[in-house]
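Worksheet for the structure shown next.
Just so you know, these numbers use all the heavy atoms, side chains as well, and skip hydrogens, waters and symmetry mates.
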Amino acid sequence: MSPTETPTDAETDADASIFDAESDTEVTRRDRYMRWLETWLFASARIAWSDWRVRIGSLIVLLYILMGTVGVMLVPEPTIGAGPRYVGPFTNWQFPLGTDNLGRGILGQIVHATPFMLQMIASGAVFAIAVATAVGTLSGYKRGTVDQVLMTITDIAMTIPGLPLVIVLSVLLQPKSPIVIGIVLTINAWAGLARSIRSQVLTIREESYIEASRTIGVPTSTIIREDILPNLMPYVVVNFVQAARNVIFSSVGLYFLGLLPTSKPNWGVMMSRAYSTAGALYTWDTAYWLIFPMITIILLVFGLILFAQGTDRLFNPRVRARHAGGGPSKSSGDADSGETKGMF
């Protein structure tokens with residue numbers, strides 16, 4: 001219809017009915033609640049379920065969580081003299097993974113070491129990611145004097161060798177708590193990640209919508225919380241797993257060398273005793289004592305990597321929008337999976 005033409009009565013009634021219908025629509029609290037569930041729970045579940053890496057990684061991580069919570073109640077705590085010495089694996093159902101030189105079950109030691117290891121891994125990874133995200137975000141967004149001060153501190157932390165620092169702190173503090181040990185292991189691991197996050201924030205803060213938020217006077221805390229941090233989440237999730245993996249390898253290595261206190265069962269301590277007391281590295285008859293803790297560590301790291309690769313897609317706005325209205329298509333899942341392959 002041209003601007004000079006006069007609308008008919010039927011067209012006018014149709015337009016009015018459309019506007020009447022929209023004005024009659026009322027969003028209730030239940031609708032907002034269901035919309036929130038759809039956006040943040042159901043869509044996330046569909047995205048996660050569409051990726052085989054999340055399915056396998058979740059099952060592996062869940063297995064370790066169950067082992068650290070329910071498993072310690074089902075598997076008896078290993079005690080000296082509970083069984084014969086050096087029982088081979090899969091020859092005695094009382095000790096399915098065999099026993100060590102003191103008659104303690106290998107399975108019981110692995111299971112009862114799991115809560116200690118999970119607490120240490122989680123505390124170390126959370127500490128490193130929290131400090132790095134706070135320092136990098138503030139430095140990149142504020143710039144100026146704040147940036148110079150924070151980056152100077154970061155550069156100083158990066159110049160301190162990590163392993164000697166951890167050894168000195170372990171000797172001085174003699175930490176017993178797994179949470180403290182995890183923090184000590186990542187005491188300067190945050191520095192390099194803070195530098196990387198600062199670079200990401202410097203790019204994000206120049207986006208047009210961030211500039212618009214600053215222009216209309218949106219508080220800095222709101223901009224960081226609602227605009228910058230969501231864009232950093234894929235990067236943060238991937239580096240959280242990297243930090244967790246570093247805690248696992250560092251702790252096992254230091255326990256193996258006897259540089260950390262050994263008051264609690266630990267996979268690294270098991271490997272160290274298998275090597276030092278039974279020569280498990282050179283004798284096939286006792287190699288199982290060394291192999292099973294090693295498999296436990298490798299499987300946990302493998303599960304964390306798969307989980308991180310898959311959950312990275314949860315923070316991709318294009319993927320979330322695609323899954324928000326229903327189930328994903330196979331082609332879209334395959335295409336999206338390629339977006340994270342280059343991150344590892």
Side-chain angles (χ1 to χ4, degrees), residues 64 67-68 71-72 75-92 94-121 123-124 161-187 189 244-302:
Y64 279 81
M67 193 162 64
V72 294
V75 179
E77 187 173 358
T79 56
I80 296 177
R85 302 170 59 215
Y86 295 121
V87 173
F90 312 118
T91 58
N92 185 338
Q94 185 180 359
F95 305 102
L97 299 185
T99 61
D100 61 8
N101 62 330
L102 298 177
R104 296 173 298 188
I106 301 298
L107 176 62
Q109 294 182 60
I110 291 176
V111 170
H112 283 270
T114 303
F116 185 89
M117 294 295 297
L118 291 182
Q119 292 178 50
M120 183 173 59
I121 294 167
S123 63
L163 183 59
L165 178 63
V166 170
I167 293 174
V168 170
L169 290 177
S170 302
V171 173
L172 292 177
L173 300 177
Q174 288 293 309
K176 299 295 192 299
S177 168
I179 297 175
V180 178
I181 295 175
I183 294 174
V184 168
L185 291 173
T186 56
I187 194 66
R245 187 172 58 177
N246 291 336
V247 171
I248 296 172
F249 291 152
S250 299
S251 63
V252 171
L254 293 175
Y255 275 115
F256 185 83
L257 297 174
L259 298 175
L260 286 175
T262 58
S263 58
K264 295 289 184 180
N266 187 281
W267 301 332
V269 174
M270 292 179 63
M271 296 170 63
S272 176
R273 288 174 178 166
Y275 170 76
S276 60
T277 62
L281 193 60
Y282 309 104
T283 306
W284 182 248
D285 293 337
T286 57
Y288 65 90
W289 190 1
L290 185 66
I291 290 174
F292 285 121
M294 191 182 303
I295 293 175
T296 305
I297 295 167
I298 294 173
L299 186 61
L300 177 58
V301 173
F302 181 67

Separation of [Y] [atom2] from [X] [atom1] (nearest 0.5 Å):
{"X": "Ile121", "Y": "Asn246", "atom1": "CD1", "atom2": "CG", "value": "11.5 Å"}
{"X": "Phe292", "Y": "Gln109", "atom1": "CZ", "atom2": "CD", "value": "12.5 Å"}
{"X": "Tyr288", "Y": "Leu97", "atom1": "OH", "atom2": "CG", "value": "10.0 Å"}
{"X": "Arg85", "Y": "Thr286", "atom1": "CZ", "atom2": "OG1", "value": "11.5 Å"}
{"X": "Leu290", "Y": "Thr283", "atom1": "CG", "atom2": "OG1", "value": "11.0 Å"}
{"X": "Leu254", "Y": "Asn266", "atom1": "CG", "atom2": "CG", "value": "10.5 Å"}

Inset, instruction - Describe, in one word, how the ring planes of Tyr282 and Tyr275 are oriented to each other, choosing from parallel (under 30°), tilted (30 to 60°) and perpendicular (over 60°). - result: tilted

Mind listing the closest non-hydrogen atom pair of [X] and [Y] along with its distance?
{"X": "Leu299", "Y": "Tyr64", "value": "CB-OH, 3.3 Å"}
{"X": "Ser123", "Y": "Gly182", "value": "OG-CA, 3.6 Å"}
{"X": "Gly105", "Y": "Pro78", "value": "O-CB, 4.2 Å"}
{"X": "Pro175", "Y": "Ser170", "value": "CD-O, 3.6 Å"}
{"X": "Trp284", "Y": "Ile291", "value": "CZ3-CD1, 4.2 Å"}
{"X": "Met67", "Y": "Thr114", "value": "CE-OG1, 3.3 Å"}

Looking at [X] and [Y], would you say the former's side chain and the latter's main chain have a donor-acceptor pair under 3.5 Å?
{"X": "Thr99", "Y": "Tyr86", "value": "yes"}
{"X": "Ser177", "Y": "Ile179", "value": "yes"}
{"X": "Ser251", "Y": "Ile248", "value": "yes"}

Inset, instruction - Please name all residues satisfying side chain to side chain contact (heavy atoms under 4.5 Å, CB included) with Asn92, sequence neighbours left out, ordered by chain then number. - result: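 Only Val87, Gln94, Phe95 meet the side chain to side chain contact (heavy atoms under 4.5 Å, CB included) criterion with Asn92.
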
Legend entry - Close side-chain approach of Leu185 to Met120, heavy-atom, < 4.5 Å: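 Yes. Closest side-chain heavy atoms under 4.5 Å.
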
Legend entry - Any Pro89 side-chain heavy atom under 4.5 Å of Ile106 side chain: no

Legend entry - Contacts of Arg104 that satisfy salt bridge (Lys or Arg N to Asp or Glu O under 4.0 Å) - sequence neighbours left out: Asp100

Legend entry - Working for side-chain contact (heavy atoms from CB on, under 4.5 Å), residues Thr186 and Val247: CA-CA 7 Å; Thr186 56; Val247 171; 3.4 Å; yes

Inset, instruction - Starting from the C-alpha separation in whole Å, work towards a yes-or-no answer on side-chain contact (heavy atoms from CB on, under 4.5 Å) for Ile181 and Tyr255. - result: CA-CA 11 Å; Ile181 295 175; Tyr255 275 115; 3.4 Å; yes

Check: residues 267-274 side-chain donor-acceptor pairs under 3.5 Å, at least two apart:
from: Trp267; atom 1: NE1; to: Ile110; atom 2: O; distance (Å): 3.2
from: Ser272; atom 1: OG; to: Phe256; atom 2: O; distance (Å): 3.0

